[in-house]
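Data first, discussion second: the structure below is written as structure tokens.
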Protein chains: 2
Amino acid sequence: MAQSDTVDRILDAAEELFAERGFSETSLRMITSKAKVNLAAVNYHFGSKNALIQAVFARFLTPFTVTLDTAFDDLEARCKDVPPTLEQTLWALTESAVRMPQRNEKGISIFMRLLGLAYTQSQGHLRKFLEAEYSNPFGRFMKLLKDATPDLSAVDRYWRIQFMLGATAFTMSSSDALREILENKLGVETSVEEIAARLVPFLSAGLQAEIVVLPPMTDETFA
Amino acid sequence: MAQSDTVDRILDAAEELFAERGFSETSLRMITSKAKVNLAAVNYHFGSKNALIQAVFARFLTPFTVTLDTAFDDLEARCKDVPPTLEQTLWALTESAVRMPQRNEKGISIFMRLLGLAYTQSQGHLRKFLEAEYSNPFGRFMKLLKDATPDLSAVDRYWRIQFMLGATAFTMSSSDALREILENKLGVETSVEEIAARLVPFLSAGLQAEIVVLPPMTDETFA
DNA sequence: CGGTTGCTCAAACGTATGTTTTAAACAGAC
DNA sequence: GTCTGTTTAAAACATACGTTTGAGCAACCG
């Protein structure tokens, strides 16, 4: 190995193992043995395990946010005055994720799973890192969502966005396993693109559901 | 302390710590020192850490499934011939969760968080345990969902149920953090009951969204 | 050529973990 | 009173972890 493809091999192995098992459950020794590099290489190149986790995220998140930013530019250019619709915004996001150059066939699945983990596993350092580095494109997405759902209150919108993120991250993070189950059970093959195509209408309908009047949790609620 | 409230003190402490930090991130020493019992007591009473995790789940899941089963009985009794609607089914589930007798004020939050963790943190032993012990009530819920959405194809329903589970598990597994963010940002306090009340209409609308005609993923899709 | 630099390697370090063991106390039941 | 099941205490166990060290190696530069 001429020069350090060691760094990339570590990142590849770490990415895959983190996605499979989570952060705490993945040891540096697993990573380095999968990457076929020396154990000390991680601390030499990245400084610490936490820094490696952040590097894994930076490697796919930075190009993604660039793609996403131009997708939003295109979208806003097409919709001169009126704000983009909810469906258009969601499709722009989905397209950017699906069309990302992938390192391997599992690319999009790993991508989503890691995003889910970042939310779920409460790694303080990761949350701070992501907030510091990527708050801008995320904020732009939120702004578009806000303009596309003017009838929602801020609180309603906040929660529905969480529901949306949850459905997406969860489904995509285990989409390989889910696809397999479906194939065995119903004999149907499904691509990630098709899952996305089913997901967008679901999310769109959920986001635009009729607003409930709180508090609804009385005995009559269940009658 | 006359006889073994040691077991309950261990379960209480473990439940709370697991919900706060996850399974791998919680050590037996944290649990025993919080419970103010001896370290060896865990292995004496439960045999292993994994067995303790399963015991924590069994303690709240068993009464919950009993409650849920009677809730489904009531529901089907009220709807003599016609199958219960989607909203009714979802509310029956939500009601059973919210109305569960709680050990303390954090009860329902911990309950949800643990369920989310069970899905998210891929603890092999836990998944097997839950499948072996609680597959029946889950199957009944699926049957009700199927009867409530007769217009959906099996494939569409399959994916939309995944989306639904994802939104729920994901939101609930980090609901404390999400609640905090919302409180800091908008100065609004939200109870778990209110989250559930917002979630049900979202899921219901998503499940009943118009069915898309595949394949929609052409360049024109994004135009 | 000598010296510096970037990198790899095996080995060790210190710490934390789950688990086990020993002993001694304590309770209630027969 | 004795026995049985609990509980505590303290210590040790073996293992795994993230991190550090120092020697070695190759390439590059003056």
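First the proteins, then the strands, lettered A, B, ... as listed; each starts at 1.
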May I have the step-by-step check of side chain to side chain donor-acceptor pair (under 3.5 Å) for Thr6(A) and Tyr44(A), ending in yes or no? CA-CA 11 Å; Thr6(A) 301; Tyr44(A) 175 80; over 6 Å; no
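With respect to Arg59(B) and Glu15(B), a salt bridge is recorded, a charged nitrogen being found less than 4.0 Å from a carboxylate O. Between Arg160(A) and Asp156(A), none of the side-chain N atoms (NZ, or NE/NH1/NH2) sits under 4.0 Å from a carboxylate O, so this pair counts as no salt bridge.
The side chain of Leu39(A) sits closest to dA11(C) out of dT8(D), dA11(C), dA11(D). Here the side chain of Ser48(B) is nearest to one of dT19(C), dT21(D), dT19(D), namely dT19(C). If you check dA10(D), dT19(D), dG18(C) against the side chain of Leu28(B), the one that comes closest is dG18(C).
Using a 4.0 Å cut-off, no side-chain N or O of Tyr44(A) falls inside it from OP1 or OP2 of dT8(C). In this model, the phosphate group of dC17(D) is approached by a side-chain N or O of Ser27(A) to a distance below 4.0 Å at OP1 or OP2. Residue His45(A) places at least one side-chain N or O under 4.0 Å from the OP1 or OP2 atom of dT8(C). For dT7(D), one of the phosphate oxygens OP1 or OP2 lies less than 4.0 angstrom from a side-chain nitrogen or oxygen of Thr6(B). Under 4.0 angstrom from either OP1 or OP2 of dT7(D) there lies no side-chain N or O belonging to Asn38(B).
Thr32(B) comes within 4.0 angstrom of no nucleic acid atom, judged by non-hydrogen atoms across all strands. No engagement by Ala41(A) is indicated, since no non-hydrogen atom pair under 4.0 Å with the nucleic acid exists.
The interatomic distance linking Asp5(B) (CG) with dT6(D) (P) rounds to 13 Å, in whole Å. His125(A) has its NE2 atom 12 Å from the P atom of dG18(D), to the nearest Å. When rounded to the nearest whole Å, the span between CZ of Arg29(A) and P of dT19(D) equals 11 Å. Between the P atom of dT7(D) and the CG atom of Asp8(B) lies a distance of 10 Å, rounded to the nearest Å. What separates CG of Leu52(A) from P of dC17(D) is a distance of 15 Å, to the nearest Å. Distance, Glu25(B) CD to dT17(C) C1': 13 Å, rounded to whole Å. Per the geometry, NZ belonging to Lys49(A) stands 15 Å off P belonging to dA16(D), to the nearest Å. Rounded to whole Å, atom P of dC17(D) lies 16 Å from atom CG of Asn50(A).
Positionally, the nearest nucleotide of DNA chain C for Val37(A) lies more toward the 5' end than for the other of Val37(A) and Met30(B).
Side chain to side chain, Glu25(A) and Ser24(B) meet the donor-acceptor criterion of an N or O pair below 3.5 Å.
The aromatic rings of Phe141(A) and Phe72(A) sit parallel to each other, their planes meeting at less than 30°, with 60° as the upper class boundary.
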